[in-house]
Amino acid sequence: MENHFVWVTARRIKAGALEEFERAWRPDSTPDGMRRAFAFWSEDGQEITGVSLWDTKQACDAWRSSDAEKRRREVMAPYVVEERESFYRGGELTLPVR
């Protein structure tokens, strides 16, 4: 199984703030070492889960501690009610043939 390094952030945002949050959420440029990023929204638009894939844990840690990420979080803060974050290592599962 190919290893992937994954950072997951789940946020609950203020009601009616989705559009403003989305503008604040996007980084200005792609962080070094980030391979891909995904965002998933709840139907009511108040919960957002971000999933990013990284070359290494060190690349993710470097971004997480960067000034650019600090500024991005400051801009998002007025819209965030709650936030949970975790780092994972794993890979794609092979599904049984139907």
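- Open room surrounds CG on Asp32; 12 or fewer heavy atoms of other groups in view lie less than 6.0 Å from it.
- A salt bridge does not link Glu69 with Arg71: none of the charged nitrogens is closer than 4.0 Å to a carboxylate oxygen.
- Within a 6.0 Å sphere centred on CZ of Arg23, heavy atoms belonging to other residues, nucleotides or ligands number more than 12.
- Counting all heavy atoms, side chain and backbone alike, Leu18 lies closest to Ile13 at CA-CD1, 3.6 Å.
- Using modelled atom types, one finds a donor on one side chain and an acceptor on the other under 3.5 Å when comparing Trp54 with Ser52.
- In this structure, Glu82 places its CD atom where more than 12 heavy-atom neighbours from other residues, nucleotides or ligands lie under 6.0 Å away.
- Note: Phe87 and Phe5 have parallel aromatic rings, judged against thresholds of 30 and 60 degrees for the angle between ring planes.
- Put simply, Tyr88 and Leu93 are part of two different groups of oily side chains (I, L, V, M, F, W, Y) that touch within less than 4.5 Å, one to the next.
- Across all their heavy atoms, Lys14 and Gln46 have their closest contact at C-NE2, 4.1 Å.
- Residue Trp25 comes nearest to Ala39 through the heavy atom pair CH2-CB, 3.1 Å, listed as atom of the first residue, atom of the second, then distance.
- Hydrophobic clustering, with ILVMFWY side chains joined whenever heavy atoms are under 4.5 angstrom apart, keeps Ile48 apart from Val75.
- In this structure, Trp7 and Glu85 have side chains that are in contact, with non-hydrogen atoms separated by less than 4.5 Å.
- In this structure, Arg11 pairs ionically with Glu83, as a charged nitrogen and a carboxylate oxygen lie closer than 4.0 Å.
- A heavy-atom distance below 4.5 Å is not found between the side chains of Thr49 and Thr9.
- With rounding to the nearest 0.5 Å, the separation of CG in Leu53 from CZ in Phe38 is 6.0 Å.
- The hydrophobic cluster containing Val51 does not contain Met34, counting ILVMFWY residues as joined when their side-chain heavy atoms lie under 4.5 angstrom apart, directly or transitively.
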